[in-house]
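One structure is given below, encoded as structure tokens.
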Amino acid sequence: MCGIAGLISRNRQFDKTHLDQMIEAMAHRGPNGSHFWSNAEGYVHLGHRRLAVIDTSEAAAQPMHYMDRYSIVHNGEIYNYLELKETLQKRGYLFRTASDTEVILASFDCWKEECLQQFDGMFAFAIWDDKEKKIFVARDRLGQKPFYYFFDEHTGNFAFASEIKAFRGLNVLSEINERQLLLFLSNGFTNDPREPVHTFYKSVFQLPPAHFLWVDLTSSEQMIVMKTWWEIDKEHEEMPDDDIAIEKFTSLFQQALKRMFRSDIPVGTCLSGGLDSSSIVAMASQLNQQQNSYKVFSAVFPGFEKDESNYSSDVAKQFNLQQFTTGTMNLAEELGSFLYQQDEPVASAGVYAQYKVFELARSQGIQVLLDGQGADEILAGYTKYLHWFLQEMLVNNRRTFRKEKSALKSNGVPFDWGWMNYAAAVFPAHAAVQLEKRTVRRMKNNGFLHKELIRRITDNSQDEIIFKPFVAKLNDLLYFNTCHGSLQELLRYADRNAMAHGCEVRLPFLNHQLVEFVFSLPSTFKIRDGYTKWILRKSVDKLLPSSITWRKDKVGFEPPQENWMKEKKLKEMIGVAKVDLVNRQILDKAALDKKIQPHGAHAADSFDWRYLVASQWLQNQKT
């Protein structure tokens, strides 16, 4: 896990001095040092901040060179690098390090673009081929590692980095993406599903997950070519036997964990007390991956009704783990520095709580942590998925529809179901259009956003302001949220929060083979008998207490945001933020007369939180 940056500037507008600034802006991502490299002609520059995890020797430092032809900067981990290395050695490739980075280089020489199909991991890397005068850029299947880029088609200048703040020294962040800002303030959206993936800045884009990009300096026409290299198959196979499916799920989960424990420095785990993180701890214990020094880290909120510390404590005690918990959190004092690390607005204070967990881990000497993100997206863990599941069953299996609807009610799972759900089940395309219109209408009818800002976006938009996916079955929505929607937001939060403290986060549920298998299963393996994430619960049924495995309430990772927003200091900050946004002609003056309304972390109408975050983020542009 590291920070990478690079520049290609044939007109020499950008040089190594600019690269130095880019790397320095990401110093937190690499506490073990930085290195730079420029090609002989002086128009290609690569830089790297290092967090040494696999092969901590100086020989594994980057930029790394191979065969007097290739130079790479790489952020992430290739978990199956040992197996790949053995395969490549049989083909005659030689290695001078014990790193996974050198395996990437040999794999690229051996298979070119197809090397990506060989990798089990999270990664974003750029390889300069000095012979072909091209740079090859790639990002992992699910977008766990970030890759931002800027391209000027007139000059041919191309720049990339792990974080947006690295571009500040290039003077390309002057224009805010007002469309993205408006969607955030009105609906809380921080992610854009379009390709190329837009950011909150007009000139900087994000390489989509599972894409690669060629930058060809020999081309006089199309200098950049972008392609998809992996897709999830959303169509499920025939109904498998329950026991066989559970056994395969468990096997893939175990394999992912075994590989993710590969590290030359200690590994710990985030432990919320929920099913996902508890399953990781339980399975790791069964695999004997935990040593006496194994540490787990939890956020606790004493007195808060949704505090899960009792659950996390029970799991830690059951497996005899060293548990460390967060102390007092001071959002008002740390909001500016926290948001600076995120680069873009965040949807809730839950992101700050995660930030504090990684800070805690680093204070205890742990820089590699496992976490449970992704399970809710691939296994339909949120209650918002229930009506889509029921709509699929209504169309395809009415008997199951009636059974599952009854089971959900018996378990006390809250969900809405009415005539609109029946209509959406029969007319899914119409439902998607109506959801788009409803979201746009919600934005236009917001009485506190500046009318001129709304007009500029709605009148000048060349395509849909909002995109809602066509959902005929549960897998359609899971696919969208995994590859383009909510998971992409969560991955950005996790990467910035971990790297802000020089930590690496690994996500076993996003092992691509596990993800592919889960998507191949019918929806009833995700939701069954009134429970979400059914197959995961069955896989750890004998490892965890039933109070966790078959827990019926879904809390999620939620801090006492509403309580924090009632504090005097934070209320004062919200008031100042509203004035700031009015002065910037983002909010209407009517917003100043509206009483502050604190909301929980997952509330749809948490406008004051968004005002606070947006104002602070805009002020951070000056730093």
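Because only heavy atoms are used, hydrogens play no part in the values below, and waters and symmetry mates are left out as well, while side chains stay in.
- The environment of F470 atom CZ is dense: over 12 non-hydrogen atoms of other residues, nucleotides or ligands sit within 6.0 angstrom.
- Residues K473 and E235 are paired through a salt bridge, judged by an N-O separation under 4.0 Å between the basic side chain and the carboxylate.
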**Request:** Begin with the C-alpha distance, continue with both residues' side-chain angles, and end with the deciding distance and a verdict on side chain to side chain contact (heavy atoms under 4.5 Å, CB included) for V53 and Q367.
**Result:** CA-CA 9 Å; V53 175; Q367 292 178 265; over 6 Å; no

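- Around atom CD of Q513, more than 12 heavy atoms belonging to other residues, nucleotides or ligands sit under 6.0 Å away.
- The 12-atom threshold is not exceeded at CE of M420, counting heavy atoms of other residues, nucleotides or ligands nearer than 6.0 Å.
- Between L507 and L491, some side-chain heavy-atom pair lies under the 4.5 Å cut-off.
- Side chains of Q118 and S107: no donor on one and acceptor on the other come within 3.5 Å.
- Looking at every heavy atom in both residues, L536 comes nearest to S279 through CD1-OG, 3.8 Å.
- Put simply, CH2 on W229 and CZ on F119 are 8.5 Å apart, with the number rounded to the nearest 0.5 Å.
- The backbone N or O of W534 lies less than 3.5 Å from no partner atom in the side chain of R528, so there is not a single donor-acceptor pair.
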**Request:** Begin with the C-alpha distance, continue with both residues' side-chain angles, and end with the deciding distance and a verdict on side chain to side chain contact (heavy atoms under 4.5 Å, CB included) for F253 and I280.
**Result:** CA-CA 9 Å; F253 189 23; I280 290 172; 4.0 Å; yes

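- The aromatic rings of W214 and F136 sit tilted relative to each other, their planes meeting at an angle between 30° and 60°.
- No side-chain heavy atom of D242 sits under 4.5 Å from any side-chain heavy atom of K538.
- Within the 4.5 Å cutoff, the side chain of S348 has no heavy atoms near those of the E558 side chain.
- Residues passing the side-chain hydrogen bond (donor to acceptor under 3.5 Å, both in side chains) test with R259 are D120, sequence neighbours excluded.
- Remark: R551 qualifies as a cation-pi partner of Y311 under the 6.0 Å distance and 45° angle criteria applied to the six-membered ring.
- The distance from the CZ atom of F212 to the CZ atom of F147 is 13.5 Å, given to the nearest 0.5 Å.
- Using a 4.5 Å cut-off on side-chain heavy atoms (C-beta onward), L213 and F151 make no contact.
- K165 has a carboxylate O that lies under 4.0 Å from a charged side-chain N of D343, or vice versa, which qualifies the two as a salt bridge.
- Taking 4.5 Å as the limit, some side-chain heavy atom of V505 sits within range of a side-chain heavy atom of F358.
- Judged by distance alone, with hydrogens and angles left aside, the side-chain atoms of S285 form no donor-acceptor pair with the main-chain N or O of V281 at under 3.5 Å.
- The two residues M393 and S523 come nearest to each other via the heavy atoms CE-CB, 4.3 Å.
- In terms of the side chain to side chain contact (heavy atoms under 4.5 Å, CB included) criterion, residue partners of H484 (sequence neighbours excluded) are, by chain and number, P193, E195, Y479, F480.
- Shown here for V215 and I224, the closest heavy-atom pair between the two residues is CG2-CG1, 4.1 Å.
- Partners of S277 by side-chain hydrogen bond (donor to acceptor under 3.5 Å, both in side chains), not counting sequence neighbours, listed by chain and number: S272.
- Contact of the F261 side chain with the L287 side chain is not registered, since no non-hydrogen atoms from C-beta on lie closer than 4.5 Å.
- Taking the ring axis of F519 as reference, the NZ or CZ atom of K526 stays within 45° of it and closer than 6.0 Å to the ring centre.
- No more than 12 heavy atoms of other residues, nucleotides or ligands sit less than 6.0 Å from atom CG of D416.
- In terms of heavy-atom proximity, R442 sits nearest to S186 at NE-O, 3.4 Å.
- Here E489 pairs with T190, N191, Y493 under the side chain to side chain contact (heavy atoms under 4.5 Å, CB included) rule; sequence neighbours left out.
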**Item:** Audit row: H512, L142, side chain to side chain contact (heavy atoms under 4.5 Å, CB included) steps and yes/no
**Value:** CA-CA 8 Å; H512 73 277; L142 293 165; 5.6 Å; no

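- With ring centers used as reference points, W417 lies under 6.0 Å from F401.
- The side chain to side chain contact (heavy atoms under 4.5 Å, CB included) check on K403 picks up D529, with sequence neighbours excluded.
- Note: E247 CD to T250 OG1 = 8.0 Å, rounded to the nearest 0.5 Å.
- The backbone N or O of V204 lies less than 3.5 Å from a partner atom in the side chain of T199, making a donor-acceptor pair.
- Interatomic distance, L394 CG to R402 CZ, rounded to the nearest 0.5 Å: 9.5 Å.
- No more than 12 heavy-atom neighbours from other residues, nucleotides or ligands sit within 6.0 angstrom of NZ on K437.
- S251 places no side-chain N or O within donor-acceptor distance of the main-chain N or O of K248, the cut-off being under 3.5 Å.
- Side-chain atoms of Y79 and N511 form no donor-acceptor pair, as typed in the model, at a separation below 3.5 Å.
- Scanning all heavy atoms of the two residues, the minimum distance from P522 to M239 falls at CG-SD, 3.9 Å.
- With S162 contributing its side chain and I4 its backbone, the two residues share a donor-acceptor pair below 3.5 Å.
- The residues E83 and R262 are annotated as salt-bridged, a charged nitrogen and a carboxylate oxygen being separated by less than 4.0 angstrom.
- Side-chain N or O atoms of E404 include one that pairs as donor or acceptor with a backbone N or O of G530 at under 3.5 Å.
- Judged purely by distance below 3.5 Å, without hydrogens or angles, the side chains of Y66 and D109 never pair a donor atom with an acceptor atom.
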**Prompt:** Between E392 and N475, is a side chain to side chain contact (heavy atoms under 4.5 Å, CB included) present by the stated rule, with each step listed?
**Reply:** CA-CA 10 Å; E392 179 186 346; N475 258 7; over 6 Å; no

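- The shortest distance between side-chain heavy atoms of F184 and F200 falls below 4.5 Å.
- Side-chain N or O atoms of N177 include one that pairs as donor or acceptor with a backbone N or O of Q180 at under 3.5 Å.
- In summary, R29 and D495 engage in a salt bridge, as defined by a charged side-chain N under 4.0 Å from a carboxylate O.
- One finds the SG atom of C483 at 10.5 Å from the CG atom of L478 (value rounded to the nearest 0.5 Å).
- Using a distance-only test at 3.5 Å, with no hydrogens or angles considered, no donor-acceptor pair links the side chain of E377 to the main chain of T482.
- Between F150 and F167, the ring centre distance reaches or exceeds 6.0 Å.
- Under the rule for a side chain to side chain contact (heavy atoms under 4.5 Å, CB included), the partners of T383 that lie at least two apart in sequence or sit in another chain are L386, V413.
- One N or O on the side chain of D100 and one on the backbone of I78 form a donor-acceptor pair closer than 3.5 Å.
- The two residues F249 and S539 make their nearest non-hydrogen contact at CE2-OG, 3.6 Å.
- In the model, W230 has no side-chain atom that pairs as donor or acceptor with a side-chain atom of D140 under 3.5 Å.
- Interatomic distance, CZ of R506 versus CD of Q373, reported as 15.5 Å (0.5 Å rounding).
- Between the side chain of S606 and the backbone N or O of H602 there is no donor-acceptor pair closer than 3.5 Å.
- Between P345 and R610 the shortest side-chain heavy-atom distance does not fall below 4.5 Å.
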